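This report refers to the structure that appears directly beneath it.
Residue numbers start from 1 in every chain, and the chains themselves are labelled A, B, ... in the order their sequence lines are given, proteins ahead of strands. Nothing here was measured: the structure is a model prediction, and the numbers come from that model.
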Number of protein chains: 2
Amino acid sequence: MHGTARKPIDALLLRLGQHDKLSDSERQVLQAAFGPPESLTRGQDLISEGDEPEGSTLILEGMSFRYRTLEDGRRQIVSLHIPGDFVDLHSFMLKRMDHSVGALSDCTISRVSHDTLRAVTEDYPHLTRLLWLMTLVDNAIVREWLVGIGRRSATERMAHLICELQLRLRAVERNGENGFELPVTQADLGDMLGLSLVHTNRVLRYLREQRLVLWEGQRVRVLDRPGLERLAGFDDTYLHRVRRPR
Amino acid sequence: MHGTARKPIDALLLRLGQHDKLSDSERQVLQAAFGPPESLTRGQDLISEGDEPEGSTLILEGMSFRYRTLEDGRRQIVSLHIPGDFVDLHSFMLKRMDHSVGALSDCTISRVSHDTLRAVTEDYPHLTRLLWLMTLVDNAIVREWLVGIGRRSATERMAHLICELQLRLRAVERNGENGFELPVTQADLGDMLGLSLVHTNRVLRYLREQRLVLWEGQRVRVLDRPGLERLAGFDDTYLHRVRRPR
DNA sequence: CGAAGTCTTGAAGAGCTTCAATACGCGTGG
DNA sequence: CCACGCGTATTGAAGCTCTTCAAGACTTCG
């Protein structure tokens, strides 16, 4: 065997390809930029608040989440990552992490060093813009979460989250039939939505009783997507899934 | 008179200079990139949801805010802009606005066309990284707001917001003695913090009674900054105000 | 001076949290 | 194989934070 082994970056390519066309050389640059796949087990922290990582991490398979814990233990999850998402692309510029990242499920990841990223920004402006775009979509998602926690009811928020995740997973071809894997406890869900564990449970019961969503262990089964979108007031423009020159 | 008139971009230069050193040529590129100052009156919308602006807008003086309104009229403000902040730098890549931007006070602004920004990304990688950084700090601030709305009490959130704004204004030399101008109604404040108008009023009364913060018309007077920080659990690392090579 | 916007306070009620107890599911070791 | 323990889910009940409704006062401005 010779040449570089194919690295399973396909989810990233799918995500980027959602927003703009990629040239072959850009694909090659990306393929070459990433290190070998690494494995992580559920519950492990990928990065901790205060760290200054020397590279950024891409999720190949599995899910991770960003969170911040206040002094007294209250925790807020501020985003979820699926295959093709960078866990900490922002650390390339921000340097110091202002939050932690944990593995939600067993994950395989791949790293790019910040040196390599810097080289990309020097030589590949279009690719740079696309990476920048990744962080901007991240941003749009966090804003949408903020709107939800600030102004939507607990039930609406939950419905919205499920709509969002299903769509994002579909975009990287990790969706199943009428549902998807979501390896979270109800406590985790509460920390995403700014809810207590108990109320999270009640919201889920309500969605079940309305025959909108069912949880089968770690799997979410969406029974009535249109109904769920109606309840959530879901509108996908904030995901910016439009292919156009950038 | 000849040559380009000096444009009052100084707040942007101050902000960028907070994070990294700028070369003279970079300063010149920036100065040249922006159009002439324009004036806006309080209450006007700078940009509306669904717009596809052809340029990005920088605040020279005054304040603006991003917000989203749900179908039934509930509104959430997702960020505040002060001099030196871009209102919609993300529209350069995202193209379509997924929220609106309004003027909080009378403002003077200046625009850069997206064509110019694109040219910058082609020729000035370091400057590009700094612009990218601007959007990443934006992002960090929104995350912090999310943590607040999700996990902090109304009072803590209010205190946190005031701490944040005072620090940001100081960084661009727009701070007064022991306070600052903040031309918002209590309804606006509520929409920032995810609170009702009535409760916002009660939170302000509490802070006044505790002799932490006083409102004198449109001016916020901070009586006890350390006390406020303690109450808020304020930690400024998320603002990333550290000068280092990027 | 009247009108519109904003601030302030009271009172009732909704949504969500906290405390508490029970049940369930799964892996481990006796 | 069963007992035990631990993490997770579920439900009831009480209570607190914040919202909503309502009304009055104050401010600004034509």
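Residues meeting the salt bridge (charged side-chain N to carboxylate O under 4.0 Å, His left out) test with B:Arg157, sequence neighbours left out: none. By the salt bridge (charged side-chain N to carboxylate O under 4.0 Å, His left out) test, B:Glu216 is found to be paired with B:Arg221, residues two or more places apart in sequence or in another chain being considered. Take A:Glu173 and apply the side-chain contact (heavy atoms from CB on, under 4.5 Å) test, not counting sequence neighbours, and it matches A:Leu14. Residues passing the salt bridge (charged side-chain N to carboxylate O under 4.0 Å, His left out) test with A:Arg168 are A:Asp85, A:Glu164, sequence neighbours excluded. Scored by the side-chain contact (heavy atoms from CB on, under 4.5 Å) test, B:Arg42 finds B:Asp106, B:Pro183, B:Thr185, B:Gln218 as partners (sequence neighbours excluded). With sequence neighbours excluded, no residue forms a salt bridge (charged side-chain N to carboxylate O under 4.0 Å, His left out) with B:Arg170.
Panel note: side chain B:Glu229, backbone B:Cys163; no donor-acceptor pair is recorded below 3.5 Å. A donor-acceptor pair under 3.5 Å is absent between the side-chain atoms of A:Asp51 and the main chain of A:Pro53, judged by distance alone.
Pairs passing the side chain to side chain donor-acceptor pair (under 3.5 Å) check and including a residue from residues 200-211 of chain A, sequence neighbours excluded, read A:Gln186-A:Asn201.
You can see that DNA chain C meets the heavy atoms of chain B within a 4.0 Å-exclusive cut from C:dT6 to C:dA11, reading 5' to 3'.
At least one cation-pi condition fails for A:Arg96 and B:Tyr238: the charged atom is not both under 6.0 angstrom from the six-membered ring centre and inside a 45 degree cone around its axis.
One finds no salt bridge joining A:Arg66 and A:Asp88 here, because no Lys/Arg side-chain nitrogen approaches an Asp/Glu carboxylate oxygen to under 4.0 Å.
Remark: the B:Thr135 side chain and the B:His90 side chain contain no N/O donor-acceptor pair separated by less than 3.5 Å. A donor-acceptor pair shorter than 3.5 Å cannot be found between the side chains of A:Asp188 and A:Tyr67.
Between A:Ile162 and A:Phe234 the shortest side-chain heavy-atom distance does not fall below 4.5 Å. Contact check for A:Val112 versus A:Leu58: no side-chain heavy atoms found under the 4.5 Å cut-off.
Residues from residues 180-197 of chain A that place a heavy atom under 4.0 Å from any atom of DNA chain D, listed by number: A:Thr185, A:Gln186. Interface residues of residues 66-79 of chain A facing DNA chain D, ordered by number: none; criterion, heavy-atom separation under 4.0 Å.
For the pair A:Gln218 CD and D:dA9 C1', the computed distance is 12 Å after rounding to whole Å. Rounded to whole Å, the distance from CZ on B:Arg151 to C1' on D:dT17 is 14 Å.
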Contacts under 3.5 Å, N or O only, protein and nucleotides 11-13 of chain D:
residue: D:dT11; atom: OP2; partner: A:Arg205; partner atom: NH1; Å: 3.2
residue: D:dG12; atom: N7; partner: A:Arg202; partner atom: NH2; Å: 2.6
residue: D:dA13; atom: N6; partner: A:Arg202; partner atom: NH1; Å: 3.4

- Task: Any chance you could list the contact pattern along nucleotides 24-30 of chain D? Use B for base contacts, S for sugar-phosphate-only contacts and - for none, protein heavy atoms under 4.0 Å, 5' to 3'.
- Result: -------

